[in-house]
2 protein chains.
Amino acid sequence: MARPPSVHDDELYDRLAEVFRTAGYEGASLGALAESTGLKRASLYHRFPDGKAQMAEAVLGRVERLFDGLLEPMRTDPDVRAGIARSAARIAEFYGGGLLSCVLDTLPLSGAPDRVRLRAAAVADGWISAMADAARRGGRAEDDARSAAEDAFAQVEGGLVYGRLFGDGTPFRRALARLPDLLLG
Amino acid sequence: MARPPSVHDDELYDRLAEVFRTAGYEGASLGALAESTGLKRASLYHRFPDGKAQMAEAVLGRVERLFDGLLEPMRTDPDVRAGIARSAARIAEFYGGGLLSCVLDTLPLSGAPDRVRLRAAAVADGWISAMADAARRGGRAEDDARSAAEDAFAQVEGGLVYGRLFGDGTPFRRALARLPDLLLG
DNA sequence: GTCTATATTTGGATAGAC
DNA sequence: GTCTATCCAAATATAGAC
């Protein structure tokens, strides 16, 4: 009979994500991915026959599902401003208060296959679209809502760049604190 | 007699920068660096006996000197707002309208030696400090000036993250257009 | 499903000729 | 200063035992 997996999918993806987040696509070596997951390289190939590209895509899928949860208040709270604020708090926690890097930043570096880059863009677009929707429900015009959401995304990602450079999550947290005003004007 | 170098320092650094920018530290292989510069790997080691770390540091030094030029209006224009706007225009051009990645984002990824990471942080700090100084000359309080400059840095870097993901420099350019208001309040 | 072992390529780095 | 040749470690990837 089949042996049960020693690490279940979501935890496996999370451990892979940790490597991709801090190292980028090319920098994430099979050795580092194997060490982080506790699996041997050959076992990773059993789970992901297409190799590193498939691992990166699985990580992005996992991030997409996690973001569904983070964005849920922003999507459903009838009090739009309160929903945005609650989602902001979840996002802040997800990124370790601003000290963790984001795969959407580090994964699309050179070396990543197109399908990985496109998947990363799709995940980012889901996040931005959710913010734009909230802005519209908050009364902003179509175009304003979209560009405000794009700017919000950039401010959060930039906060993470600052956090990686200086080990200080303050600008990241300020960006999230501004999120309701940014989106609702 | 000594053979003249086939590529002069600044151009050499620029070509190395292109690789580090798009690939990060680990992703920038000696092969890619050699191809980009037109030198063989052994020739790169003649120029940089300490190898890749020294190349990355040289690139950061070059970026620091280039930023001196970009920031000159912001540092010297008696009309603070006009100086910020002129520097913003130079920065926009430097980053290809928002479609080029920034070494300050990609170089400090995992794999980079501490001295490279520290050098990147020092370069970023020079930029942020120049913006904070301008904000102070524009009348902002000490602390406000610093956090405004940090936020401005994050918004520009985040714009570049967006640009890499979507091939669209619009949010980056919006961030730079906001720079005077961001810094002067 | 995970492992050891292995094939093959690419990585970083050095020696020595020109 | 640049090159070819070379060394060795680490990279991706596969085969086959358990």
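Below, read A as the first sequence line, B as the second, and so on, with proteins coming before strands; counting in each chain starts at 1. Everything numeric here is computed off the predicted structure, so don't read it as measured data. These values consider heavy atoms only, across backbone and side chains, with no hydrogens, waters or symmetry-generated copies.
Distance, A:Phe48 CZ to C:dG1 P: 12 Å, rounded to whole Å. Put simply, CG on B:Asp9 is 12 Å from C1' on D:dG1, counting in whole angstrom units. One atom, OH of A:Tyr45, and another, C1' of D:dA15, lie 14 Å apart when rounded to the nearest Å. In this structure, B:Asp50 atom CG and C:dG12 atom C1' are separated by 13 Å, rounded to whole Å. If you measure from atom CD of B:Glu35 to atom P of C:dG12, you get 13 Å, rounded to the nearest angstrom. Atom NZ of A:Lys40 is separated from atom P of D:dT14 by 20 Å (rounded to the nearest Å).
Taking only side-chain nitrogens and oxygens, A:Ser6 never comes nearer than 4.0 Å to OP1 or OP2 of C:dG1. Listed pair A:Arg47 / C:dT2 meets the phosphate criterion, a side-chain N or O lying under 4.0 Å from OP1 or OP2. Considering only side-chain N and O atoms, A:Ser43 lies nowhere under 4.0 angstrom from the phosphate OP1 or OP2 of C:dG1.
Remark: DNA chain D forms stems of 3 or more consecutive Watson-Crick or G-U wobble pairs, all pair distances under 3.5 Å, at C:1-18 with D:1-18.
Of the candidate nucleotides C:dG1, D:dG1, C:dC3, C:dG1 has the atom nearest to the side chain of A:His46.
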Show me the protein contacts with nucleotides 5-11 of chain C, counting only N or O atoms at under 3.5 Å.
unit_1	atom_1	unit_2	atom_2	d
C:dG11	OP1	B:Ser29	OG	3.2

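Residue pairs meeting the side chain to side chain donor-acceptor pair (under 3.5 Å) criterion with at least one partner in residues 29-42 of chain A, sequence neighbours excluded, do not occur; the list is empty.
Counted by atom type alone, A:Ser101 and A:Arg164 present one or more donor-acceptor pairs between their side chains at under 3.5 Å.
Ring geometry for B:Phe153 versus A:Tyr162: interplanar angle over 60°, hence perpendicular rather than tilted (30 to 60°). Ring geometry for A:Tyr95 versus A:Trp127: interplanar angle under 30°, hence parallel rather than tilted (30 to 60°).
Taking both residues in full, the closest heavy atoms of A:Phe94 and A:Leu100 are given as O-CD1, 3.7 Å, listed atom of the first, atom of the second, then distance. Residues A:Glu72 and A:Ser87 approach most closely at N-OG, 4.3 Å, considering heavy atoms.
Panel note: side chain A:Lys52, backbone A:Leu30; no donor-acceptor pair is recorded below 3.5 Å. Here the side chain of B:Arg140 pairs no donor or acceptor atom with the backbone of B:Ala135 at under 3.5 angstrom.
Proximity of B:Gln155 to B:Leu179: side-chain heavy atoms (C-beta onward) are nowhere separated by under 4.5 Å.
Mapping B:Gly38 and A:Gly51 onto DNA chain D via the closest heavy atom, the residue that lands nearer the 5' end is B:Gly38.
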